[in-house]
> 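Mind having a look at this structure? Questions to follow.
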Amino acid sequence: MNILLSPWLPVAMPDGRICKVAPVDVPCSGALRVAHPRADYSALATELLVELFQTLLAPADLAARAAMLRRPEEVNTQAFADAKGAFELFGTDARFMQSPVALGVQADASVLVFEAPGAKTVEDNTDFFVSRSDIASVCPHCAPVSLFLSNAHARQGGQGYRTTARGGSALAVLVRGATLWETVVLNLLPAPDFAARFAVPGAPANVYPWTSGVDTFTAGAVSPEQVGAFGTLWWCPVALHLVEDQNEDQMPCSQCGEAHPTHVRRVFKAATKSRGIEGVMHPRTAWSPHNKTGRLLPLQVPSNGLQLEDWLALSLGKSERHYPVAAVAALRPSEARRVELWSFGGLLNINTLVRWCDETTPALVAENPREAEVLRIQAHRLLEQALAKRDALTKALTTNLADNAKRKAPMPLSQSIESLVSRFETKARQGLLQALSQVDFFVDSLPADTAAVFNTSLSGVAFALFESSTIVNPLDVEQTRRVLSVRGALLKKLYPK
């Protein structure tokens, strides 16, 4: 099966059908989105598709990118046919995101997913608190995404294993449009921009880590000639080698439920010994400097969901030294109004998947770098107000109503605290977008009353959420008194004199 030319990608069509298309055929497919039964695989397959087009069909500039979107039938996909030899899933030659030969030990197909415990954990029978994986079979159509997950989002995996250019638990972000082709195109960076910022310096464009021989996976160090210019996107920190078996019993795929003539039940897996090329940033995440060392680090998957400060970091960066997601920064305001930001990734505790993050938020962009800096300054002033309101609401909702700290008497609520805070953040994002749309770039500031209106509006949102969610039992006088006391304290925080 060829990753570029075979119809393996499940997509949703406008009439509700789920079809399989080849990546090369996506431009004229009319598909709305990737539609894999697993939500994480839909996100990962979309990112994989973006990287294929970034590698083989990047536009020359933003004007060329706009033309690709307007006239998909004129997109020349000859580059896909020319590169097909490097994107075979099985065979004796180069294999997509795999070591050319079997290295390490043979394991079952569950090593291709995050939710499975590690081999050592299973061997020692210490997976009592980790559910043993039910991944028994992976079909050829799900295998490309599994390989991409294992490498492009590599977890630490134990001693000796290395992660990708963005590290484990990094939050990936895509611009999501109304159709799959729009999603792909709006995430493509012009070739000169990618070469200047994200390509491996001095490396050839037609080389990939898996086409350079086994030394790429076993040597202590590799050269740019072995990794290729797009090694940032395709580096393989895990040396995997899939074993293709005949599916004589028509066993369904554990990922999608389909039965194929062949499937993968066995995988050879080893740690890639090479460090890869260091000092390059991955374009699908935001970067910020470490407080002490100044070293740039990728924005990690937030443990409590995507919050206001994370959203602004993705869109604008936290300061001049912070780098927002490259595709978001390249958006034009006219494009931003019809798209959303799609953030996803696995929150990992070293080797264990804690949660999969998958959230969408509005896009916030500027016309040029100067306006972006103005927006960043104004946004962070408003953000301080929003965070103060959110903290006051959270403190009120989490108040212990017991008469002493040793007892627990939580606030009586009709909804979860997480749900209420999430609703507040949604309203705050909407308010931020509305307020920032009024920035006057002639004087580089907001109108005098905009911040006040934003502040008062969010105070009203926070208080309304508290009022609508608290349940007071009129027969319990003491509880009612304490809830009212918390209510009064919240009012003082939200509306200080």
> How far does OG of S6 sit from CG of D25, to the nearest 0.5 angstrom?
10.5 Å
> First locate atom CZ of F454, then atom OG1 of T450, and finally report the distance between them rounded to the nearest 0.5 Å.
11.0 Å
> Would you say L89 and Q98 make side-chain contact, with heavy atoms under 4.5 Å?
yes
> Taking the side chain from R370 and the backbone from F441, do they hold a donor-acceptor pair closer than 3.5 Å?
yes
> Measure the shortest side-chain to side-chain distance between L186 and R65 over non-hydrogen atoms and say whether it is less than 4.5 angstrom.
yes
> If you draw a 6.0 Å radius around CD in Q434, do more than 12 non-hydrogen atoms from other residues or ligands fall strictly inside?
no
> Which label fits H153 and F344: parallel for a plane angle under 30°, tilted from 30 to 60°, or perpendicular past 60°?
tilted
> Would you name the heavy atoms of E335 and A330 that are closest together and state the gap between them?
OE1-O, 4.4 Å
> With distance as the sole test, does W235 use its side chain to make a donor-acceptor pair with the main-chain N or O of V227 at under 3.5 Å?
no
> Main chain of G85, side chain of E88: is a donor-acceptor contact present, judged purely on distance under 3.5 Å?
no
> Begin with the C-alpha distance, continue with both residues' side-chain angles, and end with the deciding distance and a verdict on side-chain contact (heavy atoms from CB on, under 4.5 Å) for L112 and L149.
CA-CA 8 Å; L112 296 173; L149 167 66; over 6 Å; no
> Counting N and O atoms only, with roles assigned by atom type, does the side chain of W311 sit under 3.5 Å from a partner on the main chain of P362, one being a donor and the other an acceptor?
yes
> Check whether any side-chain N or O of R95 sits under 3.5 Å from a backbone N or O of L242 as a donor-acceptor pair, and report yes or no.
yes
> Do D310 side-chain atoms and Q307 backbone N/O form a donor-acceptor pair below 3.5 Å?
yes
> Would you say NZ of K395 has more than 12 non-hydrogen atoms from neighbouring residues, nucleotides or ligands within 6.0 angstrom?
no
> Is the ring pair F80/F53 parallel, tilted or perpendicular, if the boundaries are 30 and 60 degrees?
tilted
> I'd like to know if the side chain of T456 pairs up with that of Y495 as donor and acceptor (distance under 3.5 Å, no hydrogens or angles considered).
no
> Using 0.5 Å steps for rounding, measure from the CG atom of L147 to the SG atom of C142.
11.5 Å
> When you look at R390 and Q385, which way does the side-chain contact (heavy atoms from CB on, under 4.5 Å) test go after all the steps?
CA-CA 9 Å; R390 186 189 69 186; Q385 298 180 23; over 6 Å; no
> Between V374 and S445, does the side-chain contact (heavy atoms from CB on, under 4.5 Å) criterion hold? Intermediate values first, please.
CA-CA 7 Å; V374 174; S445 66; over 6 Å; no
> I'd like to know if E425 and K389 make a salt bridge, using a cut-off of under 4.0 Å between side-chain N and carboxylate O.
no
> Would you give the length of the straight line joining atom CG of L188 to atom CD of E51, rounded to the nearest 0.5 angstrom?
9.0 Å
> Quick check on side chain to side chain donor-acceptor pair (under 3.5 Å): which of D358, T46, T360 does W342 satisfy it with?
D358
> So do C256 and H36 actually touch side chain to side chain, heavy atoms under 4.5 Å?
yes
> Can you check whether L494's main-chain N or O pairs, donor with acceptor, with S459's side chain at less than 3.5 Å?
yes
> Are the side chains of Y41 and P10 in contact, using a 4.5 Å heavy-atom criterion?
no
> Is any side-chain N of the basic residue among E182 and R33 closer than 4.0 Å to the acidic one's carboxylate O?
no
> So which heavy atom on E371 is nearest to which on A366, and how close?
C-CB, 3.8 Å
> Looking at C19 and M13, what are the two nearest heavy atoms and their distance?
SG-CG, 3.7 Å
> Would you check if L171 and P302 make a side-chain contact, meaning some heavy-atom pair closer than 4.5 Å?
yes
> So, for L314 and L299, which heavy atoms are closest and what is the spacing to 0.1 Å?
CD2-CD2, 3.4 Å
> Does L32 reach the side chain of L180, with side-chain heavy atoms less than 4.5 Å apart?
no
> Any salt bridge linking D391 with K493? Criterion: basic side-chain nitrogen under 4.0 Å from a carboxylate oxygen.
no
> Would you call the rings of F198 and F194 parallel, tilted or perpendicular, taking 30° and 60° as the class edges?
tilted
> If we ignore hydrogens and angles and just use 3.5 Å, is the side chain of W8 paired with the main-chain N or O of I3 as donor and acceptor?
yes
> Would you say the side-chain atoms of Q415 pair up with the backbone N or O of L413, donor to acceptor, closer than 3.5 Å?
no
> Measure the CZ-OG1 distance between R487 and T470 for me, rounded to the nearest 0.5 Å.
8.0 Å
> How far apart are the closest heavy atoms of C139 and C253, and which atoms are they?
N-SG, 3.3 Å
> Find out whether E384 and H380 are in side-chain contact, i.e. whether some heavy atom of one side chain is under 4.5 Å from a heavy atom of the other.
no
> With a 4.5 Å heavy-atom cut-off, do V138 and S254 have their side chains touching?
no
> Before giving the answer on side-chain contact (heavy atoms from CB on, under 4.5 Å), spell out for T361 and E340 the whole-Å C-alpha distance, their side-chain angles and the decisive distance to 0.1 Å.
CA-CA 6 Å; T361 52; E340 56 189 2; over 6 Å; no
> Could you tell me which non-hydrogen atom of S343 sits nearest to which non-hydrogen atom of L306, and how far apart they are?
OG-CD2, 3.7 Å
> Is there a donor-acceptor contact under 3.5 Å from the side chain of T211 to the main chain of A94?
no
> Rounded to the nearest 0.5 Å, how far apart are CZ of F96 and CG of L52?
6.0 Å
